[in-house]
2 protein chains.
Amino acid sequence: MTPTGHEVLAGVLRIRANRLQALLWQRAKPPHPNRWSLPGGRLGPDETVEYSIRRQLAEKVDVRELTHVEQLSVFSSPDRIPGSRTVATAFLGLIPSDTDPELPDDTCWHPVDSLPETAFDHEGILLAARERLRAKLSYTNIGFALAPPKFTVSELRDIYSAALGYRVSATNLQRVLSRRGALEATGQTVAAGPSGGRPPALFRFTSRDLQITDAFAVLRPPG
Amino acid sequence: MTPTGHEVLAGVLRIRANRLQALLWQRAKPPHPNRWSLPGGRLGPDETVEYSIRRQLAEKVDVRELTHVEQLSVFSSPDRIPGSRTVATAFLGLIPSDTDPELPDDTCWHPVDSLPETAFDHEGILLAARERLRAKLSYTNIGFALAPPKFTVSELRDIYSAALGYRVSATNLQRVLSRRGALEATGQTVAAGPSGGRPPALFRFTSRDLQITDAFAVLRPPG
DNA sequence: ACACGTTTTCGATTGTAAGACGAAAACCCT
DNA sequence: AGGGTTTTCGTCTTACAATCGAAAACGTGT
């Protein structure tokens, strides 16, 4: 019996041109030549899966541009990789919308809602990554990982709309995030657009660490 | 270099006597003799991690008594098992409070808030399992996995209180779960207790599958 | 210069859900 | 029959999100 190998894979997402995009590289050699693959690789002997995925992503994009990385799930179907037993630990990675990392020649961004032919079970992993992102946008401050350091409320609305897949209200977005303490004004403004309008104010996220907004009734200790 | 092995482990929880308990077995042989270990074992060559953990739990408890199993996280510290590189996929397993599975001689239940000396990183895995359970109690119907098929609101309150670690209000618990459509009345009642009181009504969970109650503002599509 | 359209920002109103409280119902015991 | 106990149901208050609309601040065209 072949030994069971372990690989780490990441669905790396960003917003660009009001679309949610994923990082993929095109395979040259078999198996699955020409199809598109998630970044990642074999788990090294002396590293955790978290360290491994960050190390291997550094070959594709600058590590400092990754604003968030979290474990998604284990994919372990025996036949997910033909010919070799390989278990994969999948991750979600996020990159701000204003950074444009240099990419290897075989690597580029693809809109998640119109993916090319993907290798193995990588499409399922990507969809799981998108679902996790969408869920966390609603009950955490994870938007900081997609947004630039400073932004207008309209820009943030476009980012949230693209990630969630439906239009959100700028008014409510600001009020909700402000009430949660996730957003704060910088005091600065930028020039109005070509069609005029009031010059928008610049905001930033209060924290760049993931924080969960506790939400529900039953879970709150009495007080 | 030794090949990297893969094991599956489960924090199996239940409520008994108003306490949250975990299933542990006592190791006989090294490493870590006499310390207490989570159920699980090596991943087989032709099974997914989900199948593997269910197969291996069947050796400890009847599979049909497991009302819920879900993936928790991967634990992959290189030195988590001395002498051999072993990656673990950890699971959360739940058992209703009314079932009492037959256990092997080396296996028994321990309150999670006063654990014995555990082996390897198993205490951390158990605490992660408890956190996952506590979080999901608040925004899903996962209580069905801890409760018997029919129960009074007071019994359900005791289950939730023990799992969450603080007293919850029976009134609010019933209203919250009812409004979410998770709870329904059976129409039956049971006799009042020895000290009198109105005979409580029996309820049941509407569904025995995990359902998430969508909650927050930003995530709701307009309409 | 002035009116008009545009975009942002802020406040007020409405609606929904949860926490707290208390009254009524239904039982036991003495 | 009356008092104590537990459950159940309703009401009140609070918190937060969604909607609406007005005001602020700008550019453009006449």
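Chain letters run A, B, ... following the sequence lines, proteins first, then strands; residues in each count from 1.
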Hey, are the side chains of Asp113(A) and Arg19(A) touching, using non-hydrogen atoms and a 4.5 Å cut-off?
yes

Can you figure out which of dA26(C), dA18(C), dT8(D) approaches the side chain of Val153(B) most closely?
dT8(D)

Write down the protein N/O and nucleotide N/O pairs, taken from nucleotides 10-12 of chain C, whose separation is under 3.5 Å; answer none if there are no such pairs.
none

For Arg204(A), what residues pass the salt bridge (charged side-chain N to carboxylate O under 4.0 Å, His left out) criterion, not counting sequence neighbours?
Glu184(A)

For Phe91(A), enumerate each residue passing the ring pair (Phe, Tyr, Trp, His ring centres under 6.0 Å) test, keeping only those at least two apart in sequence or located in another chain.
none

Looking at the side chain of Val176(B), which of dA18(C), dT7(D), dC26(D) is the nearest nucleotide?
dA18(C)

Comparing Pro200(B) and Ser195(B) on DNA chain D - which has the more 5′ nearest nucleotide:
Ser195(B)

Spacing of Glu155(B) atom CD relative to dT8(D) atom P, expressed in whole Å
10 Å

So CZ of Arg64(A) and CD1 of Ile95(A): to nearest 0.5 Å the spacing works out to 12.5 Å

Enumerate the residues from residues 185-192 of chain A whose closest heavy atom to DNA chain C is under 4.0 Å, giving them by residue number; use none for an empty result.
none

Distance-only donor-acceptor hits, side chain of residues 185-201 of chain B, under 3.5 Å, sequence neighbours excluded:
residue, atom, partner, partner atom, Å
Thr186(B), OG1, Gln188(B), N, 3.2
Thr186(B), OG1, Leu202(B), O, 2.8
Gln188(B), OE1, Lys150(B), NZ, 3.3

Rounded distance (Å) that lies between atom P of dT6(D) and atom CG of Leu173(B):
19 Å

What is the distance, to the nearest angstrom, from the CG atom on Leu202(A) to the P atom on dT8(C)?
12 Å

To the nearest angstrom, how far is Leu137(B) atom CG from dA18(C) atom C1'?
17 Å

Between Leu66(A) and Leu94(A), is any pair of side-chain heavy atoms under 4.5 Å apart?
no

Spacing of Arg179(B) atom CZ relative to dG10(D) atom C1', expressed in whole Å:
13 Å

Between Ser169(A) and dA18(D), is there a contact of a side-chain N or O with OP1 or OP2 at under 4.0 Å?
no

To the nearest Å, give me how far apart CG (Leu177(A)) and P (dA18(D)) are.
11 Å

Which residues pass the salt bridge (charged side-chain N to carboxylate O under 4.0 Å, His left out) test with Arg16(A), sequence neighbours left out?
Asp100(A)

For atom CG of Asn172(B) and atom P of dA20(C), their distance in whole Å
7 Å

Taking for Gly193(A) and for Ala201(B) the nucleotide of DNA chain D with the nearest heavy atom, the one nearer the 5' end belongs to Ala201(B)

To the nearest Å, give me how far apart OH (Tyr166(A)) and P (dA18(D)) are.
9 Å

Do Glu7(A) and Thr86(A) have side-chain atoms, one donor and one acceptor, less than 3.5 Å apart?
no

Where do Glu123(B) and Leu115(B) come nearest, in terms of heavy atoms and distance?
CG-CD1, 4.0 Å

